[in-house]
There are 2 protein chains.
Amino acid sequence: MKGLKTRSAILDHAADLASVEGLEGLTIGRLADELQMSKSGLFAHFGSKEELQLATIEIARERFMTEVFKPALGTERGYPRLVAICRGWLDYIQRNVFSGGCFFAAASFEFDGRSGPVRDAIKKTMDEWIGAIEKAVRLAVDEGHFGPDVEPAQIAFEINAIFFGANYAYNMRHDKRAITRAWNAIETRLEGLRQSPRPARFAHPEKRVARRRAS
Amino acid sequence: MKGLKTRSAILDHAADLASVEGLEGLTIGRLADELQMSKSGLFAHFGSKEELQLATIEIARERFMTEVFKPALGTERGYPRLVAICRGWLDYIQRNVFSGGCFFAAASFEFDGRSGPVRDAIKKTMDEWIGAIEKAVRLAVDEGHFGPDVEPAQIAFEINAIFFGANYAYNMRHDKRAITRAWNAIETRLEGLRQSPRPARFAHPEKRVARRRAS
DNA sequence: CCTACCGATCGGTAGG
DNA sequence: CCTACCGATCGGTAGG
């Protein structure tokens, strides 16, 4: 019982530290120091640095989903829920939920050129997240809020990209307009999808290229 | 003369290594090992790890500008040049110019929560780059390719965000469609700007907010 | 959960 | 550009 509480306190701190220093920059010695416990005492909870990293990713995932995704599920499916997810993500950045900005943005760019279990765990969480955005777009199509030719994977790609851009501008440039810019970009894009049916040359950019190659 | 050649070889390798391992993960020992020279021999070229990091950022900046930005300057100013810059960036990712993906995307997300000279150098290069995109948009407005109410800073924000998203999808997800998706996103957005004048509620998202604040 | 310790590697230095 | 070395810190272990 007390062991679990300690473990939880370690991981909460580890997630914040890793959002600043990176998952490789996260060291057992520093973590122990800041939590005022011995290195070996902390180490015993995990058995290896990799296990500590994986446990930190898991706690960060729970925090992320609780803060960003779950609240949006209370909104009605389709366009309103998609908007709630996007607003939720922007709020999450503005509230500085992790002290170094979005944990998964940092982790993604730290591990995108590597291999191994840590990279796989980050990718899995990101797949889950981007998949959730994609599903929200698909529901908006199903509900008739978007035209039937809207491509959920394309829109999810774009929304996720805007999130990365907002995280960058907010944390690196300390630009408070980052949130407004991101929201404007998303709103403009999503409102455009509601004007269906759009002219054919704008409706299906992906398929147009595919066709060109096929011919 | 030979000293400069060695220095250049070190930094070329350092930029690739840092794009995978991060600028903190870049260690003098490993770099010396891979270049088959002694640690102290390599170290003597820079005097400190921080100087090595700063020199690596500078060489990466030169590579980036040579590969992405300079070729686009041959295209006529305005919309064509802006498109050339975007295509140049996507080509640069597809050609794997740095082995771990875009050096500056990785460096930006590694250092966005820190302070100090290394962070400042990364930010400065990114400011230069985003400023270049912004200028290209402004020229497109000046040339009459875009409507007069297009906001260069907003569009530069969005294009840079799409680049981050493409870098993520290409390197983490190994998704070859990343380039197509990014291009589709950019093309759709830019083509939309040419349909000026657009209805007022879509034309000026940023200024709309600014006006609201001013009143 | 602790003290005490391990070999390896870190950034950096002395001296040539 | 090298060999030889420094103190500090790394992840991890022994033993309690």
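Labels below follow one simple rule: chain letters A, B, ... track the order of the sequence lines, proteins then strands, and each chain is numbered from 1.
- Of the charged side-chain nitrogens involved, at least one lies within less than 4.0 Å of a carboxylate oxygen, so that B:E158 and B:R189 count as a salt-bridged pair.
- When both distances must be under 3.5 Å, the Watson-Crick or G-U wobble mate of C:dG7 is D:dC10.
- Because its NZ or CZ atom is both nearer than 6.0 Å to the ring centre of A:F111 and within 45° of the ring axis, A:R114 counts as a cation-pi partner of that residue.
- Note on ring orientation: taking the six-membered ring where Trp is involved, the planes of A:F109 and B:F109 are parallel (angle under 30°, cut-offs 30° and 60°).
- Screening A:T125, A:D127, A:D120 for a side-chain hydrogen bond (donor to acceptor under 3.5 Å, both in side chains) with A:K123, the sole residue that qualifies is A:D127.
- Tested against A:L35 for a side chain to side chain contact (heavy atoms under 4.5 Å, CB included), the candidates A:L17, A:I10, A:T6, A:D12 yield a single pass: A:I10.
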In B/S/- notation (B base, S sugar-phosphate only, - none; protein heavy atoms under 4.0 Å), nucleotides 3-16 of chain D written 5' to 3' is BB-----SBBB---
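- If you check D:dG16 for Watson-Crick or wobble pairing at under 3.5 angstrom, you find it paired to C:dC1.
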